[in-house]
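Heads up: the structure comes next, in structure tokens.
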There are 2 protein chains.
Amino acid sequence: MIVILLYLQAKYLVEMDNLKIRIEVDQELYSKNPALSDLGKKILSSSIELIVELGFEKFTFKKLGEVINSPESSIYRYFKNKHILLIYLTSWYWSWIEYNLVFATINIKSSKERLLKSIDILTKPMSECQQISSMNVSLLSNIIISESLKSYHTNKVDEENKKGYFRAYKLVVQRISDIILELKPDFQYPHMLVSTIIEGVHHQKYFAEHLPSLTDINKENNTIENFYKEMALNFIK
Amino acid sequence: MIVILLYLQAKYLVEMDNLKIRIEVDQELYSKNPALSDLGKKILSSSIELIVELGFEKFTFKKLGEVINSPESSIYRYFKNKHILLIYLTSWYWSWIEYNLVFATINIKSSKERLLKSIDILTKPMSECQQISSMNVSLLSNIIISESLKSYHTNKVDEENKKGYFRAYKLVVQRISDIILELKPDFQYPHMLVSTIIEGVHHQKYFAEHLPSLTDINKENNTIENFYKEMALNFIK
DNA sequence: GCGTATATGATAGTAATACTATTATATTTG
DNA sequence: CAAATATAATAGTATTACTATCATATACGC
């Protein structure tokens with residue numbers, strides 16, 4: 001969900017292109033809103049760093065507590081467990097992407113151009129220095145690439161899906177699907193194409209770094225953007 | 001790796017279309033070859049069932065031991081830990097798929113037809129009753145869809161990749177990439193296209209069952225096969 | 001048939017994980 | 001200034017992911 005708050009209490013807001021915005025995450029995803037306290041923000045920013053450093057399996061609330069100098073019990077007051085924290089982080093990320101999609105495409109008339117712009121946003125690396133309310137977006141995007149699959153590949157998917165935990169991701173897929181349908185109203189597979197592209201982008205980035213024989217980027221002038229742009233346009237055409 | 005053993009000791013072999021075959025898994029992936037003992041086979045078949053039932057996170061060697069009435073220490077003699085067991089299972093699966101690819105395409109002259117046949121094999125569900133040397137292939141394919149990502153999304157990927165743990169998967173990707181290159185020798189992204197299709201197939205099957213708003217199958221006459229066949233042909237053409 | 005190797009069973013133990021609970025102290029707010 | 005709230009400090013529990021040891025059963029070579 002994207003919430004644009006104008007002239008609200010300054011401390012909860014972020015200056016960005018002169019627009020004051022806050023990314024709001026579904027209440028179900030925290031026991032206590034981490035965006036509203038210093039400790040909460042420290043939990044968010046340090047958990048991102050620590051998950052990147054250790055990988056999600058080796059990451060624990062105990063270790064996080066040591067990093068931020070707080071007992072693990074304090075972290076449990078914000079998040080029921082590390083799995084919910086991961087869903088919180090991915091949810092935040094997808095809302096952030098949705099915000100970027102909306103603002104990057106708002107003045108583009110051609111739906112083809114809007115689709116291409118959307119693929120840009122899905123593929124382009126986040127700038128290193130983007131830090132939106134205690135979230136290091138560049139590091140967070142590494143987590144999305146390496147770990148976000150684990151947020152919904154569990155035996156609780158169905159239950160958690162009912163509670164709306166994956167809404168932010170779905171909204172992004174829906175938004176881009178709508179652009180595709182504008183471009184070609186009788187296209188049969190808009191959601192499949194979009195989710196194939198999104199997951200594909202993550203896989204290809206991961207493969208490029210860890211299993212290069214499964215991809216072709218790094219060869220010649222191949223890029224992930226071009227691959228998925230060509231793929232989408234050839235398919236829809 | 002596909003090893004075809006003719007007239008070898010009958011107990012290690014499987015009758016299939018009058019061909020005696022055994023799927024061989026890389027030695028690095030077990031401490032003791034589970035294909036060569038009753039206990040080993042029981043470990044394999046019951047672990048498949050238990051992982052499907054519990055999900056990989058909740059699956060433990062202790063629980064498996066209770067199911068097969070053996071102490072966990074006996075299971076540890078075959079597999080260093082459950083993560084290695086998962087890699088063993090996925091490796092076995094990909095070698096099995098490679099075998100199917102080879103035999104299904106061997107007499108097809110047209111490379112386009114061979115590509116389509118390959119996509120068939122990647123997308124078609126395994127028949128319920130296929131049981132190759134203690135492996136229930138249909139159940140195993142559920143594990144591939146839901147859990148196989150976890151075999152290489154860990155902080156040990158690079159190390160394990162060096163040891164060749166993911167070779168079976170890479171061979172499948174390579175084999176289909178070669179077909180694509182026959183079809184269009186200057187195609188820039190054969191590996192990317194194949195790995196996008198393979199991972200995409202798994203995601204779409206998973207979404208269809210758990211997160212249907214991310215896909216379009218179940219609507220009209222949409223099928224995963226047709227989606228990826230159209231996608232591939234439109235892209236390559 | 002006998003001794004030896006090998007496979008499995010039975011049992012115990014350990015450090016880490018994923019929590020839950022309780023009490024104390026500091027800070028904010030009304 | 002009192003009351004509510006947030007955090008710290010500490011302890012405790014069941015489960016997990018192993019490792020180790022010793023006993024027993026079976027198979028195999030001579």
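Proteins get letters first, then strands, A, B, ... in listed order; numbering begins at 1 in each. In this text the structure is predicted, and so the values were computed from the model without any measurement.
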>> Quick check: A:Tyr206 with B:His153 (ring centres under 6.0 Å apart)?
In response: yes
Closest listed nucleotide, where the reference is the side chain of [X] and the choices are [options]:
| X | options | answer |
| --- | --- | --- |
| B:Tyr76 | C:dT8, D:dA17, C:dG9 | D:dA17 |
| B:Ser73 | D:dT16, C:dT8, D:dA20 | D:dA20 |
| B:Pro71 | D:dA6, D:dA8, C:dA10 | C:dA10 |
| A:Ser37 | D:dC18, C:dC19, D:dT7 | D:dT7 |
| B:Leu39 | D:dT7, C:dT8, D:dT16 | C:dT8 |
| B:Lys82 | C:dA18, D:dT7, D:dA17 | D:dA17 |
| B:Ser74 | D:dT10, D:dT7, C:dG9 | C:dG9 |

> Is the count of non-hydrogen atoms from other residues, nucleotides or ligands lying under 6.0 Å from A:Lys219 atom NZ greater than 12?
Replying inline: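 Enclosed.
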> Closest approach of A:Ile43 and A:Tyr78, non-hydrogen atoms and distance?
Replying inline: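 Between these two residues, the closest heavy atoms are CD1-CD1, 3.5 Å.
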> For B:Glu66 and D:dT16, what is the distance between atoms CD and C1' respectively, to the nearest whole Å?
Replying inline: 13 Å
>> Between P on D:dT5 and NZ on A:Lys32, what's the gap in Å once rounded to a whole number?
In response: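 Going from NZ in A:Lys32 over to P in D:dT5 covers 10 Å.
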> Under 3.5 Å, is there a donor-acceptor pair between the B:Glu24 and B:Ser95 side chains?
Replying inline: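 Note: B:Glu24 and B:Ser95 side chains miss the donor-acceptor criterion.
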